[in-house]
*Asks:* 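Just passing along the structure, written as structure tokens.
Numbering starts at 1 and runs along the sequence shown. Everything numeric here is computed off the predicted structure, so don't read it as measured data.
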Amino acid sequence: MSRVAAVVVAGGRGLRAGGDVPKQYRCIGGMAVIRRTLLAFTAHPGIAVVQPVIHPDDEARFASAAAGLPVLTPTYGGTTRQASVHAGLEALADHAPEIVLVHDAARPFASPALLDRAIAAGRGGAAIPGLVVSDTVKVVDGAGLVVETLDRSRLRTVQTPQAFRFDALLAAHRAAAAAGRDDFTDDAALAEWAGLPVAIFEGEATNVKLTTPDDFRRAEAELLAELGDVRVGSGYDVHAFAATGDHVWLGGVKIPHDRSVEGHSDADVALHALVDAILGALAEGDIGVHFPPSDPRWKGASSDRFLAYAVERVTARGGRIAHVDLTLVAEAPRLGQYRDAIRARVAEIVGLSVDRVGLKATTSEKMGFIGRREGLVAYATATVRLPWTTP
């Protein structure tokens, strides 16, 4: 099997798309565009290494967007796309791939099947994905008058990933740099200049390049349409106060108090209720099914581990958590000053913006066991969107 590498070009500014960050770092469907793109390549079993090429100013943005992904250390791009690809190829030279795929970071929807076709076509030397032109194409002059109607049967619109024998593409880039040529808009044009025959393989209409604000709106709408199974789960947890102690854990935040809470783990009722709400939306049981209190591994465990697990269960099913809401009921401790910290911590664990985390704190008006300060309660709901499946 040929050793395959990928260069993902992310050095542009992409400001036509709007917003205050380059388009590749904007989010769609709750995830940065560049992360979606990188995931397509790192998850493909036929691709050995992925080399990102970024702008020097985006180092921190990239580190955040690509956290946890098995990619090579990013290299810096040049002033043109051609220079950026060249930099990525040079960074890959020590890895000695046989085939290289060159892809735009702003195309986050390349499917595994498209990557399969690219790899297969790249074994032939140089190949690019293309789409048949369905509209009639006219050539106009400077006055806007039609001077020619082109034969659309011979036309293709071209996408990435473009696939090449690595050595041949690197040699072509080096030759172009030596000749002072830096005006090629894609690698296929450079390959043609270098005398390499370039083949066309089938592209994908969904493999769009995000360029304008409208592109982002359409992409967001399409992603949400795919997650048409909207579910709401509820959770409840209660714990008693211990006789002594100096703090309680609520929503992942350590709060000073004169009594701790009894429980097998850290007894964070807020996070436990939220775990049950998410698992309930998935119809996957409750926290005790996945983390039984009889298991000594969970004795004293931090409950953020349980919540992170529930979030991963949603991700594993191709879903997305849209909103969570908590209600905490206790006479003490008073929670008003910790409200923002709890919301921020829950948002961090779940991977949401803070405005998607609701939190209310109340008392039981001195009634019942809560009113007697014997314990505290948490209620939670979670809204989860999953891909719709037919039994």
Side-chain angles (χ1 to χ4, degrees), residues 7-26 28 33 37 53 55 57 77-88 102-110 114 118 126-164 169 172-222:
V7 172
V8 175
V9 188
R13 298 294 79 200
L15 299 179
R16 274 190 297 164
D20 55 0
V21 298
K23 63 185 179 183
Q24 60 268 34
Y25 297 102
R26 287 183 58 180
I28 52 170
V33 169
T37 303
V53 183
H55 193 281
D57 293 346
T79 57
T80 65
R81 183 185 186 282
Q82 180 182 329
S84 293
V85 175
H86 188 186
V102 180
H103 190 65
D104 297 325
R107 291 186 187 269
F109 302 122
L114 178 62
I128 56 178
L131 296 175
V132 173
V133 176
S134 57
D135 295 323
T136 299
V137 180
K138 305 284 187 180
V139 178
V140 300
D141 62 17
L145 298 176
V146 174
V147 296
E148 184 181 0
T149 299
L150 300 181
D151 178 5
R152 67 186 184 191
S153 68
R154 301 183 59 201
L155 300 178
R156 299 293 184 272
T157 57
V158 174
Q159 306 174 321
T160 66
Q162 300 185 352
F164 305 89
L169 184 62
H173 269 274
R174 287 173 174 173
R181 290 293 304 271
D182 62 358
D183 55 335
F184 296 106
T185 57
D186 73 349
D187 294 279
L190 188 150
E192 294 164 35
W193 171 82
L196 300 176
V198 180
I200 291 279
F201 61 92
E202 183 184 357
E204 288 179 339
T206 55
N207 180 33
V208 295
K209 186 174 183 179
L210 302 178
T211 302
T212 68
D214 281 345
D215 293 334
F216 275 82
R217 282 190 286 270
R218 281 192 294 269
E220 189 74 47
E222 289 170 6

*Asks:* Among side-chain atoms of Asp151 and Ser153, is any donor-acceptor pair under 3.5 angstrom?
*Replies:*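 Side-chain D/A pair, Asp151 to Ser153: present.
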
*Asks:* Going from CD1 on Ile200 to CG on Leu131, what distance comes out if it is rounded to the nearest 0.5 angstrom?
*Replies:*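 The CD1 atom of Ile200 sits 9.5 Å away from the CG atom of Leu131.
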
*Asks:* Val140 versus Val147: any side-chain heavy-atom pair under 4.5 Å?
*Replies:* no

*Asks:* What are the two closest non-hydrogen atoms of Pro108 and Ile28, and how far apart are they?
*Replies:* CG-CD1, 4.1 Å

*Asks:* side-chain contact (heavy atoms from CB on, under 4.5 Å) between Leu155 and Val137: does it pass, once the steps are laid out?
*Replies:* CA-CA 9 Å; Leu155 300 178; Val137 180; 4.0 Å; yes

*Asks:* Show the nearest heavy-atom pair for residues Gln24 and Ala10, with the distance to one decimal.
*Replies:* NE2-O, 2.8 Å

*Asks:* Checking Ser84 side chain against Val9 main chain: does a donor-acceptor pair fall under 3.5 Å?
*Replies:* no

*Asks:* Counting distance only, does the side-chain N/O of Gln162 pair as donor-acceptor with the main-chain N or O of Ala188 below 3.5 Å?
*Replies:* yes

*Asks:* Taking side chain to side chain contact (heavy atoms under 4.5 Å, CB included) as the test, write out the residues that go with Ala205, two or more places apart.
*Replies:* none

*Asks:* Tell me, do Thr149 and Thr136 make a side-chain contact under 4.5 Å, heavy atoms counted?
*Replies:* yes

*Asks:* What I'd like to find out is whether the side chain of Val7 reaches to under 4.5 Å of the side chain of His103, using heavy atoms alone.
*Replies:*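 No; the side chains remain at least 4.5 Å from each other.
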
*Asks:* Please evaluate residues Asp187 and Arg81 with respect to the criterion salt bridge (charged side-chain N to carboxylate O under 4.0 Å, His left out), reporting the C-alpha separation (whole Å), side-chain torsions for both, the decisive distance (0.1 Å), and the verdict.
*Replies:* CA-CA 9 Å; Asp187 294 279; Arg81 183 185 186 282; 3.1 Å; yes

*Asks:* Is any side-chain heavy atom of Leu114 closer than 4.5 Å to a side-chain heavy atom of Pro129?
*Replies:*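 Leu114 reaches Pro129 side chain to side chain.
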
*Asks:* Is the backbone N or O of Thr160 less than 3.5 Å from a side-chain atom of Asn207, with the two atoms forming a donor-acceptor pair by type?
*Replies:*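 Answer holds: yes.
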
*Asks:* Are Thr157 and Val133 packed together at the side-chain level, in the sense that at least one heavy-atom pair is separated by less than 4.5 angstrom?
*Replies:*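 The answer is yes, as the side chains (C-beta and beyond) meet within the 4.5 Å cut-off.
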
*Asks:* What's the separation between atom CD in Gln159 and atom CZ in Phe201, rounded to the nearest 0.5 Å?
*Replies:*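 If I round to the nearest 0.5 Å, the distance is 8.5 Å.
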
*Asks:* Can you measure from CD (Glu148) to CG (Asp141) and round to the nearest 0.5 angstrom?
*Replies:*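 With rounding to 0.5 Å, CD (Glu148) is 12.0 Å from CG (Asp141).
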
*Asks:* How about Val102 and Leu169: do any of their side-chain heavy atoms sit closer than 4.5 Å?
*Replies:*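 Yes. Closest side-chain heavy atoms under 4.5 Å.
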
*Asks:* State which residues pass salt bridge (charged side-chain N to carboxylate O under 4.0 Å, His left out) with Asp183; sequence neighbours excluded, sorted by chain then number.
*Replies:*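 Applying salt bridge (charged side-chain N to carboxylate O under 4.0 Å, His left out) to Asp183 gives Arg181.
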
*Asks:* For the residue pair Val33 and Phe216, what are the closest heavy atoms and their distance?
*Replies:* CG2-CE2, 3.8 Å

*Asks:* Shortest non-hydrogen contact from Phe164 to Ala126?
*Replies:* CD2-CB, 3.5 Å

*Asks:* Can you sort out the partners of Glu222 under salt bridge (charged side-chain N to carboxylate O under 4.0 Å, His left out), two or more places apart, ordered by chain and number?
*Replies:*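 Here no residue qualifies.
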
*Asks:* Assess whether side-chain contact (heavy atoms from CB on, under 4.5 Å) is satisfied between Val8 and Thr37, documenting all intermediate values.
*Replies:* CA-CA 8 Å; Val8 175; Thr37 303; 4.1 Å; yes

*Asks:* Residues two or more places apart in sequence or in another chain: which of them pass side chain to side chain contact (heavy atoms under 4.5 Å, CB included) with Lys209?
*Replies:*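 For Lys209 the side chain to side chain contact (heavy atoms under 4.5 Å, CB included) partners, ignoring immediate neighbours, are Lys23, Asp104, Ala106, Arg107, Thr211.
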
*Asks:* Of all heavy-atom pairs between Ser134 and Arg152, which one has the smallest distance, and what is that distance?
*Replies:* O-NH1, 2.9 Å

*Asks:* Could you give the distance from NZ (Lys138) to CG (Asp135), rounded to the nearest 0.5 Å?
*Replies:*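 Here the rounded value is 11.5 Å.
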
*Asks:* Are the side chains of Asp215 and Val208 in touch, meaning some heavy atoms are under 4.5 Å apart?
*Replies:*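 No - every pair of side-chain heavy atoms lies 4.5 Å or more apart.
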
*Asks:* Residues in side chain to side chain donor-acceptor pair (under 3.5 Å) with Arg156, at least two apart?
*Replies:*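 Applying side chain to side chain donor-acceptor pair (under 3.5 Å) to Arg156 gives none.
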
*Asks:* Could you tell me which non-hydrogen atom of Leu190 sits nearest to which non-hydrogen atom of Ala172, and how far apart they are?
*Replies:* CD2-CB, 3.2 Å

*Asks:* Working to the nearest 0.5 angstrom, can you tell me the gap between Asp186 CG and Ile128 CD1?
*Replies:*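 Between atom CG of Asp186 and atom CD1 of Ile128 there are 6.0 Å.
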
*Asks:* Under 3.5 Å, sequence neighbours excluded: what are the donor-acceptor pairs made by side chains of residues 192-199?
*Replies:*
none

